[in-house]
Amino acid sequence: MARFYVTTPIYYVNDVPHVGSAYTTVNADGLARWHRLLGDDTFFLTGTDEHGLKIQRAADENGLTPQEQADQTSERFKEAWKLLDISYDDFIRTTEPRHRVAVQQLLQEIYDNGDIELETYEGPYCVSCEGYYAESDLIDGVLCPIHLRPVETLSEENYFFKLSRYEQPLLDWYAAHPDFVQPDSKRNEAIGLIKGGLRDISITRTSLDWGVPVPWADGHVFYVWYDALINYATAVGYGSEPERFEQWWPHVHHLIGKDILRFHCVYWPAMLLSAGIEPLPHINVHGFLLVGGEKISKSGQKLTAITPAELVDEFGVDPLRYHLLRHTPLGADGEFSFEAITERYNADLANNLGNLLSRVATVVGSKCDGVGPAPSPASPLAAVAAEVYGAVAAAWDAISPSDALDATWRLIRETNAALEAAEPWKADPGPEVDAVLGDALEVLRIVSILASPALPTAPAEVWRRIGLPGRPAEQRLPHAAEWGGYPGRLPVEKGPPLFPRKK
RNA sequence: GGCGGCGUAGCUCAGUUGGUCAGAGCACACGGCUCAUAAUCGUGUUGUCGUCGGUUCGAGUCCGACCGCCGCUACCA
């Protein structure tokens, strides 16, 4: 059986969910749902990243323990994903014991291979921040950029990962695996980073204890990023269930935003190579959603601080998900706006899909006594449906949800045109009217399945209204997309508009 | 500064290895229809494919320069 393992980044719990994290997560969810339709054994992972100085500091400010701080914010992510109907199979938290075990084992592996060495780190340190700065970040070369107080030079013994040894191995892997990092523009960026030269990286800290302890050295904890990356391995059994890990790891796909490209496309693969874990994951890098050209942020003004919950209130879960998947192709940055989501909603959901259901249900009511007829095997729409299925499958395979939805809506448009040509509402009841209405019902059946990865709710309602038992998400492709699946002689219910027009 | 990315119709974007590549959807205009959520169907307008050169029989599609925008340069998708 085919397997598919998809991950989102684990979100850092110093922030609450915003539209950007929703964007990544909804895309991952769409992919997971698509693969479940294919009947693949699918594993969808998301979670939260909970170690590090920022968390410890936030906890101190709030009078909480770091764990309590992490518990609270982690819960916010779970709530957000519930609201968005995110069908994750596992929600990992880096403070869980299973993760500690995996981190210690993986990094011990690297240590044993000789790729981790103790070195002295020396640099400008701000006591108030309890952290080091790069010389270039200092104000006037001597002041902490946050506290505007003089920094002092401190040195600390840290363990370093010998990343510099992996320049060539990484370049070799990139050369041998053209689809390692997608899209190509991001792949080139990653290769550029590597060719620019890799420095060894500090992976432990002694100045704080909110982290995974280094097994071979008391007083050291792993630096948050190197513990975080390992979550993808932890969740499928690294360190605890070797056979499970072997099964899933070859099928892993990471979805990430461009801000963490360096970590995922350079550091993480190098760590895996060092630990002897192959193959390397597939990585798909997407851009940012911008509001008015600006990056979304929780601290921005009202527009950029828009939350997923507000959008769900305004548009509903399905329309928000549809817009996120359809509007901004994975890869480059995209613009997010109320105008755009409203346009999408009206044009695609209300006018095309929703209205198709309405008009078909009405005519079935008047010409067929409300009993849906079967489609005709020779319908011209059968060929369109077959073509569309091919395009949809290819698009999901290429991790292009927007193309998959675009193709699906082509079928809806063709069906509206076919109805227009046949004008069943003018004709007398009979085989010809039955055929064209049956075809339209068949399209609604197929579209319900093909749209279900994006829309978790509405397609099930379409399915029910055209009299089908079960749910679209329970169907199995490609068989379920073959023309002729609508059996006919089923009660068709009109019901209220599926997506009432906005404004 | 270094490295990298982007610039195609009003908007969001497609455009494999150079030769119906000047496109799709939305928006807009006109016409049709009235089953349908003022929905739908048909037709159509807009672009010197950032600029200037070059390679070529032929270039959004390759090369160079330039202009504009942006990203990364060690911890926010």
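Each chain gets a letter, A, B and so on, in the order the sequences are listed, and its residues count up from 1. Any value given below was found using the heavy atoms of this structure, including those in side chains, with hydrogens, waters and symmetry copies removed.
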Using Watson-Crick or G-U wobble geometry with both distances below 3.5 Å, tell me the partner of [N], or none.
N: B/rG60; result: none
N: B/rG71; result: B/rC3
N: B/rA9; result: none
N: B/rC49; result: none
N: B/rA29; result: B/rU43

Mind checking the [atom1] distance from [N] to [M]? Whole angstroms is fine.
N: B/rG47; M: B/rG23; atom1: C1'; answer: 11 Å
N: B/rC52; M: B/rA59; atom1: C1'; answer: 15 Å
N: B/rU61; M: B/rG71; atom1: P; answer: 26 Å
N: B/rA27; M: B/rC70; atom1: C1'; answer: 27 Å
N: B/rG15; M: B/rG25; atom1: C1'; answer: 15 Å
N: B/rG58; M: B/rA22; atom1: C1'; answer: 15 Å
N: B/rA29; M: B/rG19; atom1: P; answer: 37 Å
N: B/rC11; M: B/rU46; atom1: C1'; answer: 13 Å

Whole-Å distance between [N] [atom2] and [X] [atom1]?
X: A/Lys367; N: B/rA36; atom1: NZ; atom2: C1'; value: 14 Å
X: A/Arg76; N: B/rC76; atom1: CZ; atom2: P; value: 19 Å
X: A/Ile191; N: B/rG2; atom1: CD1; atom2: P; value: 22 Å
X: A/Leu411; N: B/rG25; atom1: CG; atom2: P; value: 15 Å
X: A/Asp348; N: B/rC11; atom1: CG; atom2: C1'; value: 14 Å
X: A/Glu343; N: B/rC13; atom1: CD; atom2: P; value: 13 Å
X: A/Asp403; N: B/rG25; atom1: CG; atom2: C1'; value: 12 Å
X: A/Arg326; N: B/rC11; atom1: CZ; atom2: C1'; value: 13 Å

Looking only at side-chain atoms of [X], point me to the closest of [options].
X: A/Glu420; options: B/rA36, B/rU73, B/rC41; result: B/rC41
X: A/Lys258; options: B/rG71, B/rA36, B/rC41; result: B/rG71
X: A/Glu189; options: B/rC35, B/rG4, B/rU37; result: B/rG4
X: A/Ala350; options: B/rU37, B/rC33, B/rA36; result: B/rU37
X: A/Asn351; options: B/rU40, B/rC41, B/rC33; result: B/rU40
X: A/Asn352; options: B/rU40, B/rU34, B/rA74; result: B/rU40
X: A/Lys494; options: B/rA36, B/rU12, B/rC72; result: B/rA36
X: A/Phe263; options: B/rC35, B/rA74, B/rU37; result: B/rA74

[X] side-chain N/O to [N] phosphate OP1/OP2 under 4.0 Å:
X: A/Lys426; N: B/rU34; value: yes
X: A/Lys502; N: B/rU37; value: no
X: A/Lys54; N: B/rC76; value: yes
X: A/Arg501; N: B/rA39; value: yes

Mind checking [X] for me? I need base, sugar-phosphate or nothing, with any heavy atom below 4.0 Å counting as a touch.
X: A/Arg262; answer: sugar-phosphate
X: A/Phe499; answer: base
X: A/Asp200; answer: base
X: A/Ile260; answer: sugar-phosphate

Next on the checklist: Quick check with a 6.0 Å cut-off and a 45 degree axis cone: is A/Lys54 positioned over the face of A/Tyr12's six-membered ring?
Outcome noted: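 That pair does not qualify as a cation-pi contact.
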
Checklist entry - Any donor-acceptor pair under 3.5 Å joining the side chain of A/Asn355 to the base of B/rA36? => result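 Yes, a donor-acceptor pair under 3.5 Å.
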
Next on the checklist: Can you confirm whether A/Glu119 is buried at CD, in the sense that more than 12 heavy atoms of other residues, nucleotides or ligands lie under 6.0 Å from that atom?
Outcome noted: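 More than 12 within 6.0 Å, yes.
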
Next on the checklist: For the CG atom of A/Leu320 and the CD1 atom of A/Ile341, what is their distance to the nearest 0.5 Å?
Outcome noted: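 With rounding to 0.5 Å, CG (A/Leu320) is 5.0 Å from CD1 (A/Ile341).
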
Checklist entry - In terms of ring plane angle, is the pair A/Phe263 and A/Tyr226 parallel, tilted or perpendicular, where the classes change at 30° and 60°? => result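 Judged by the thresholds at 30° and 60°, the geometry between A/Phe263 and A/Tyr226 is tilted.
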
Item to check | Where at least one partner belongs to residues 388-407 of chain A, residue pairs that pass side chain to side chain donor-acceptor pair (under 3.5 Å), sequence neighbours excluded | outcome: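 Those involving residues 388-407 of chain A are A/Arg326-A/Asp406.
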
Next on the checklist: Taking A/Asp115 first and then A/Arg165, would you say they form a salt bridge - that is, a charged N and a carboxylate O separated by under 4.0 Å?
Outcome noted: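 Answer for the salt bridge query: yes.
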
Checklist entry - Is the closest basic N to carboxylate O distance between A/Lys82 and A/Glu79 below 4.0 Å? => result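 A salt bridge is absent here (no side-chain N lies under 4.0 Å from a carboxylate O).
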
Next on the checklist: By nearest heavy atom, map A/Tyr23 and A/Ala417 onto RNA chain B; which one lands nearer the 5' end?
Outcome noted: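 Checking each residue's closest nucleotide, the 5'-ward one belongs to A/Ala417.
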
Checklist entry - Quick check: does any side chain N or O of A/Tyr267 sit under 3.5 Å from a backbone N or O of A/Ile201, one acting as donor and the other as acceptor? => result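 Side chain of A/Tyr267 to backbone of A/Ile201: no pair is present.
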
Checklist entry - Should B/rG60 be called syn or anti, with syn set as within 90° of 0? => result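 Nucleotide B/rG60 adopts syn.
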
